[in-house]
*Asks:* 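Sharing a structure, written as structure tokens. Questions coming.
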Amino acid sequence: MDLGIARRRAAVAAASRGLGFGVAAALVAEGAQVAMCGRNRDTIEDAARRVGHDAVPLVADVSTPTAAAAFVTAAHDALGGVDILVTNAGGPPPGTFATTELEQYVAAIELNCLSVIAMCDAAVPAMQAQRWGRVVAITSIAVRQPIAELILSNTARAGVTGFLKTLAREVAGDGVTVNSLQPGLHDTERIRELHGGGPAATAATVPAGTLGRAEDFGAFAAFLCSEHARYVTGTAIPVDGGAYGGLL
Ligand code: NAD
């Protein structure tokens with residue numbers, strides 16, 4: 001299926017590896033022009049080379065709203081505009097109520113909530129003006145079902161989901177869609193770091209019997225960015241191999 005996004009200009013945050021890289025690669029495969037960021041120059045340049053199709057590597061740390069907005073501005077300058085915004089960042093450190101200090105919440109909310117808002121602030125008004133835009137935010141299945149010992153992620157991602165839903169309804173009439181994807185367990189460095197038992201042991205907890213693959217996640221994200229998905233907005237979609245057990 002032709003997704004109809006050839007030559008659309010996409011800014012993909014935190015894309016040197018993992019899910020962000022998977023989304024950047026999938027958009028490039030559809031002919032989009034991609035600017036992608038990471039914190040380390042060598043790593044993001046290598047990732048952009050592997051993605052191919054003249055993907056633009058940008059060095060940016062999106063852990064603060066100011067730097068996150070600057071990434072979108074740099075992507076805009078490099079591509080001549082931003083039609084598609086994919087927000088992403090690393091996850092905050094693990095911890096429980098008992099082990100987590102108040103200031104750690106501030107950092108986590110900056111990383112996984114305020115930075116997303118800042119990227120939307122930088123990208124969405126121009127999308128509204130041109131009456132076409134796509135925002136896809138990578139959050140977590142923790143929004144539906146908080147994950148034990150990830151209290152920072154559970155807290156920040158719930159907040160950003162409220163923001164995204166509100167934004168989606170405000171800009172839907174301008175041809176801009178806003179959706180989030182909620183990864184469950186995908187075979188990335190983050191999951192290997194968090195789950196000491198190794199990929200096989202972790203996969204046994206998923207009904208699908210396997211961990212997700214970044215390339216599949218990317219393909220689904222690319223569909224949400226497509227022409228065909230123009231009527232899908234305000235959703236928060238689990239991509240988790242059936243792990244989430246709730247009805248809604
Ligand atoms: P990952 O750690 O494998 O990759 C994250 C990428 O983002 C890396 O390239 C890293 O260098 C980059 N990055 C991290 N912090 C950054 C920053 N401040 N600025 C710029 N780049 C930064 O992680 P992943 O598994 O791909 O996960 C992506 C997001 O999805 C994370 O927020 C993670 O918590 C969340 N998530 C992932 C899973 C999963 O199954 N992999 C599940 C739930 C939530």
*Asks:* To the nearest 0.5 Å, what is the distance between CZ on Arg213 and CG on Leu19?
*Replies:*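 The distance works out to 13.0 Å.
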
*Asks:* Suppose the criterion is salt bridge (Lys or Arg N to Asp or Glu O under 4.0 Å): which pairs have a residue in residues 220-232, not counting sequence neighbours?
*Replies:*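 Passing the test, one end in residues 220-232: Arg8-Glu227, Glu227-Arg230.
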
*Asks:* Could you walk me through whether Trp132 and Ile84 satisfy the side-chain contact (heavy atoms from CB on, under 4.5 Å) test, starting with their C-alpha distance in whole Å, then the side-chain angles of each, then the deciding distance to 0.1 Å, before giving a yes or no?
*Replies:* CA-CA 9 Å; Trp132 199 98; Ile84 294 168; 4.0 Å; yes

*Asks:* Hey, could you give me each pair passing ring-ring contact (aromatic ring centres under 6.0 Å, His included) that has a residue in residues 139-187? Not counting sequence neighbours.
*Replies:*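 As it turns out, the ring-ring contact (aromatic ring centres under 6.0 Å, His included) pairs with a partner in residues 139-187, which skip direct neighbours, are His186-Phe217.
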
*Asks:* Considering only heavy atoms from C-beta outward, does the side chain of Val178 approach that of Val171 to under 4.5 Å?
*Replies:*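 Yes, at least one pair of side-chain atoms sits under 4.5 Å.
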
*Asks:* Donor-acceptor pair, Asp46 side chain versus Asp42 backbone, under 3.5 Å?
*Replies:*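 Pair absent, no side-chain N/O of Asp46 close to backbone of Asp42.
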
*Asks:* Does the side chain of Pro65 come within less than 4.5 Å of Ile117's, by heavy atoms?
*Replies:*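 Side-chain contact under 4.5 Å: no.
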
*Asks:* Find out if a path of hydrophobic residues (ILVMFWY) with successive side-chain heavy-atom gaps under 4.5 Å connects Val28 to Val56.
*Replies:*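 Looking at the clustering, Val56 is in a separate group from Val28.
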
*Asks:* Is there a side-chain contact between Val51 and Met36 (heavy atoms, below 4.5 Å)?
*Replies:*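 Side chain of Val51 against side chain of Met36, heavy atoms only: contact under 4.5 Å found.
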
*Asks:* Does Arg169 have more than 12 heavy atoms from other residues, nucleotides or ligands lying within 6.0 Å of its CZ?
*Replies:*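 Count not over threshold, so no.
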
*Asks:* Check ring-ring contact (aromatic ring centres under 6.0 Å, His included) between Phe223 and all other residues, then give those that pass, not counting sequence neighbours.
*Replies:*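 Phe223 satisfies ring-ring contact (aromatic ring centres under 6.0 Å, His included) with no residue once adjacent residues are dropped.
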
*Asks:* When you measure from the side chain of Thr205 to the backbone of Thr202, do you find a donor-acceptor pair of N or O atoms at a distance under 3.5 Å?
*Replies:*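 Here the side-chain-to-backbone pair exists.
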
*Asks:* Between Gln130 and Asp83, is any side-chain donor less than 3.5 angstrom from a side-chain acceptor?
*Replies:*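 Yes - a donor-acceptor pair under 3.5 Å links their side chains.
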
*Asks:* Grab the two heavy atoms, one from Val59 and one from Arg39, that are nearest each other, plus how far apart they are.
*Replies:*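 Heavy atoms only, the tightest pair is CG1-O, 3.5 Å.
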
*Asks:* What heavy-atom pair brings Thr233 and Ala168 nearest, and what distance separates the two atoms?
*Replies:*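 Where Thr233 meets Ala168 most closely, the heavy atoms are OG1-CB, 3.7 Å.
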
*Asks:* Testing Arg157, Gln104, Glu110 one by one against Pro92 for a side chain to side chain contact (heavy atoms under 4.5 Å, CB included), which residue passes?
*Replies:*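 Output: one option passes, namely Arg157.
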
*Asks:* Quick check: is Leu85 connected to Ile138 through a chain of hydrophobic side chains (ILVMFWY, heavy atoms under 4.5 Å apart)?
*Replies:*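 Hydrophobic grouping puts Ile138 apart from Leu85.
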
*Asks:* Report yes if the side chains of Ile5 and Leu27 come closer than 4.5 Å at any heavy-atom pair, otherwise no.
*Replies:*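 The answer is yes, as the side chains (C-beta and beyond) meet within the 4.5 Å cut-off.
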
*Asks:* Taking the side chain from Thr99 and the backbone from Gly95, do they hold a donor-acceptor pair closer than 3.5 Å?
*Replies:*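 Looks like no, no N/O pair under 3.5 Å.
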
*Asks:* Only counting residues at least two apart or in another chain, list the ones meeting side chain to side chain contact (heavy atoms under 4.5 Å, CB included) with Arg131.
*Replies:*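 Arg131 satisfies side chain to side chain contact (heavy atoms under 4.5 Å, CB included) with Asp174 once adjacent residues are dropped.
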
*Asks:* Sequence neighbours left out, what passes side chain to side chain contact (heavy atoms under 4.5 Å, CB included) with Thr235? Give chain and number order.
*Replies:*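 Applying side chain to side chain contact (heavy atoms under 4.5 Å, CB included) to Thr235 gives Asn179, Val232, Ile237.
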
*Asks:* Can you tell me if Asp187 uses its side chain to pair, donor with acceptor, with the backbone of Leu211 under 3.5 Å?
*Replies:*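 Answer holds: no.
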
*Asks:* For Glu189, which residues count as a salt bridge (charged side-chain N to carboxylate O under 4.0 Å, His left out) partner, sequence neighbours excluded?
*Replies:*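 Glu189 satisfies salt bridge (charged side-chain N to carboxylate O under 4.0 Å, His left out) with Arg192 only.
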
*Asks:* Anything under 3.5 Å between a donor and an acceptor, one on a side chain of residues 66-80, the other on a protein residue two or more places apart or in another chain? List them.
*Replies:*
{"residue": "Thr73", "atom": "OG1", "partner": "Ala69", "partner atom": "O", "Å": "3.1"}

*Asks:* Can you list everything that forms a side-chain hydrogen bond (donor to acceptor under 3.5 Å, both in side chains) with Arg17? Sequence neighbours excluded, please.
*Replies:*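 For Arg17, no residue satisfies side-chain hydrogen bond (donor to acceptor under 3.5 Å, both in side chains) once neighbours in sequence are set aside.
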
*Asks:* Taking side-chain hydrogen bond (donor to acceptor under 3.5 Å, both in side chains) as the test, write out the residues that go with Glu30, two or more places apart.
*Replies:*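 None.
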
*Asks:* Between Val239 and Pro183, is any pair of side-chain heavy atoms under 4.5 Å apart?
*Replies:*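 Of all side-chain heavy-atom pairs linking Pro183 with Val239, none is under 4.5 Å.
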
*Asks:* Name all residues meeting the side-chain hydrogen bond (donor to acceptor under 3.5 Å, both in side chains) criterion together with Ser63; count only those two or more places apart in sequence or in a different chain, and write none if there are none.
*Replies:*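 With sequence neighbours excluded, Ser63 shows a side-chain hydrogen bond (donor to acceptor under 3.5 Å, both in side chains) to Asp61, given in chain and number order.
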
*Asks:* Under 4.5 Å between any side-chain heavy atoms of His53 and Val34, yes or no?
*Replies:*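 The answer is no; the side chains never approach within 4.5 Å.
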
*Asks:* Does the side chain of Thr177 reach to within under 4.5 Å of the side chain of Val135, using non-hydrogen atoms?
*Replies:*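 No - every pair of side-chain heavy atoms lies 4.5 Å or more apart.
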
*Asks:* Could you pull out the closest heavy-atom pair between Ala236 and Pro238, with the gap in Å?
*Replies:*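 Answer, listing the atom of Ala236 first, then Pro238: O-CD, 3.7 Å.
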
*Asks:* Do side-chain atoms of Thr100 reach the backbone of Phe97 as a donor and acceptor pair under 3.5 angstrom?
*Replies:*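 Side chain of Thr100 to backbone of Phe97, a donor-acceptor pair under 3.5 Å: no, none is there.
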
*Asks:* Keeping to residues at least two apart or across chains, list the salt bridge (Lys or Arg N to Asp or Glu O under 4.0 Å) pairs with something in residues 132-149.
*Replies:*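 Salt bridge (Lys or Arg N to Asp or Glu O under 4.0 Å) check on residues 132-149 returns no pairs.
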
*Asks:* Looking at every non-hydrogen atom in both residues, tell me the closest pair between Leu152 and Pro93 and how far apart they are.
*Replies:*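 Minimum heavy-atom contact is CD1-O, 3.6 Å.
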
*Asks:* Taking side chain to side chain contact (heavy atoms under 4.5 Å, CB included) as the definition, give me every residue that meets it alongside Ala219, ordered by chain and number, with sequence neighbours left out.
*Replies:*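 Applying side chain to side chain contact (heavy atoms under 4.5 Å, CB included) to Ala219 gives none.
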
*Asks:* Testing the basics here: between Gly241 and Val206, what is the closest heavy-atom pair and its distance to 0.1 Å?
*Replies:*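 Looking at all heavy atoms of both residues, the closest pair is O-CG1, 3.6 Å.
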
*Asks:* Taking Asn112 for the side chain and Gly159 for the main chain, is one N or O donor matched with an acceptor at less than 3.5 Å?
*Replies:*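 Not at all, since once roles are kept as given, no pair shorter than 3.5 Å links the two residues.
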
*Asks:* Is there a side-chain contact between Val136 and Cys225, using heavy atoms and a 4.5 Å cut-off?
*Replies:*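 In short, these two side chains touch, coming nearer than 4.5 Å.
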
*Asks:* Start with the C-alpha gap between Ser115 and Thr87, add the side-chain angles, then the distance that decides, and say whether side-chain contact (heavy atoms from CB on, under 4.5 Å) holds.
*Replies:* CA-CA 9 Å; Ser115 288; Thr87 69; over 6 Å; no

*Asks:* Which heavy atom of Asn88 sits nearest a heavy atom of Ala14, and at what distance?
*Replies:*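 Where Asn88 meets Ala14 most closely, the heavy atoms are ND2-O, 3.0 Å.
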
